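First the structure, in the form of structure tokens, and then the observations on it.
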Amino acid sequence: MKNIVKMSDLTNEEVYELITRALELKNGAKVEAREDLFVANLFFENSTRTKHSFEVAEHKHRLNVINFDAATSSVNKGETLYDTCKTLEMLGCNMLVIRHSQDAYYNELSNLNIPILSGGDGSGEHPSQCLLDLMTMYEKFGTFENLNIIIAGDIKNSRVARSNYNMLTRLGAKVKFVCPDIFKDETLGDVVDFDEIIDKVDVCMLLRVQHERHDSKMGLSKEEYHNNYGLTKERYNKLKESAIVMHPAPVNRGMEIDTKLVEAPKSVIFEQMKNGMYMRQAMIEKIIKDNNL
Ligand code: CP
């Protein structure tokens with residue numbers, strides 16, 4: 001079974017193929033309609049972009065879409081994730097899109113005979129977000145080699161930081177982090193001073209402060225966080241002419257980024273969302289092909 005649940009599931013060549021295909025789709029390439037296939041979307045955590053862009057992508061492939069509703073499902077009677085997914089397999093689903101709060105939830109699904117596209121696992125990885133981020137950078141710069149990338153925010157709790165750091169490093173980019181001590185992840189790269197690096201970066205990627213994953217208070221007010229670790233107007237004005245500003249969203253406006261900068265000329269935040277739909281189409285196409293569906 002060929003899944004896409006973490007970036008190590010993909011070779012560099014496969015990543016470039018997905019980017020190329022997603023850009024072709026953005027430029028109007030057509031996909032094969034597959035009215036015979038069923039896909040179930042299982043989102044056990046909240047989502048707007050990932051859930052609905054997968055849904056739009058699935059409809060573009062003319063798949064039959066089942067939007068599993070965890071709140072009204074038998075999960076509330078104690079049914080396990082495995083039994084839920086096995087049930088959907090037995091009902092004839094051909095692929096599953098899953099977001100779950102448990103890190104590496106997919107490990108307990110390895111006996112399923114149905115491919116999985118992950119919409120994010122706990123604080124683990126977010127492969128479709130990583131791929132759409134790569135697509136957005138590649139669209140702008142045409143390469144990852146020697147790109148200077150700063151990832152600023154809640155690194156420790158971020159599946160986007162983990163997927164992007166590992167993949168961008170693999171592809172030759174130089175990635176550094178900006179964050180307060182409580183958000184540091186020692187397993188990832190160097191933490192640097194935002195003001196010392198801001199004028200050298202090609203990509204300034206901001207990450208959401210994930211209040212829902214903190215078991216204690218951050219110890220910084222919204223203003224203190226913004227002034228020390230956020231993209232202020234002053235920092236924005238120091239960016240290179242060619243630099244881009246990214247954020248996977250949802251955005252805490254006025255915290256990670258000044259609200260007036262969300263749609264500033266260097267911001268590609270909403271373009272990332274648009275690209276996400278094309279990337280998820282490319283991922284679905286790859287899952288269909290790799291699993292001979
Ligand atoms: N970027 C992202 O994963 O957004 P959602 O949580 O809305 O899917």
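Keep in mind it's a predicted model, so treat the numbers as computed, not measured. The first residue of the sequence shown is numbered 1, and numbering continues consecutively from there. When a ligand or atom number is given, it counts from 1 through the structure's own listing order.
- The protein heavy-atom contact nearest to atom 7 (O) of ligand 1 is T48 N, 2.8 Å.
- Looking at atom 2 (C) of ligand 1, its nearest protein heavy atom turns out to be A249 O, 3.4 Å.
- Among protein heavy atoms, atom 4 (O) of ligand 1 sits closest to R49 NE, 3.0 Å.
- Residues E32 and R62 are not paired through a salt bridge, judged by the lack of any N-O separation under 4.0 Å between the basic side chain and the carboxylate.
- Residue pairs meeting the ring-ring contact (aromatic ring centres under 6.0 Å, His included) criterion with at least one member in residues 219-262, sequence neighbours excluded: Y225-Y229.
- No side-chain donor from either of R99 and S118 sits under 3.5 Å from a side-chain acceptor of the other.
- Remark: distances from the non-hydrogen atoms of E45 to ligand 1 are all 4.0 Å or more.
- With salt bridges taken as basic N to acidic carboxylate O contacts below 4.0 Å, one links R159 and E45.
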Please set out all donor-acceptor pairs under 3.5 angstrom arising from side-chain atoms of residues 128-138, sequence neighbours excluded.
residue : atom : partner : partner atom : Å
S128    : OG   : R280    : NE           : 3.2
S128    : OG   : R280    : NH2          : 2.9
Q129    : NE2  : D133    : OD1          : 3.0
D133    : OD1  : Q272    : NE2          : 2.8
D133    : OD2  : N164    : ND2          : 2.9
T136    : OG1  : L132    : O            : 2.7
T136    : OG1  : N275    : ND2          : 3.0

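- Considering H126, M273, Q272 only, the shortest heavy-atom separation from atom 3 (O) of ligand 1 involves H126.
- Comment: K233 engages D258 in a salt bridge, judged by a side-chain N to carboxylate O separation of less than 4.0 angstrom.
- Close N/O approach between K51 and ligand 1 is not found [any backbone or side-chain N/O within under 3.5 Å].
- Contact atoms of ligand 1 toward P248: 1 (N) (distance under 4.0 Å to a heavy atom of the residue).
- In terms of protein heavy-atom proximity, atom 6 (O) of ligand 1 is closest to R99 NH1, 2.9 Å.
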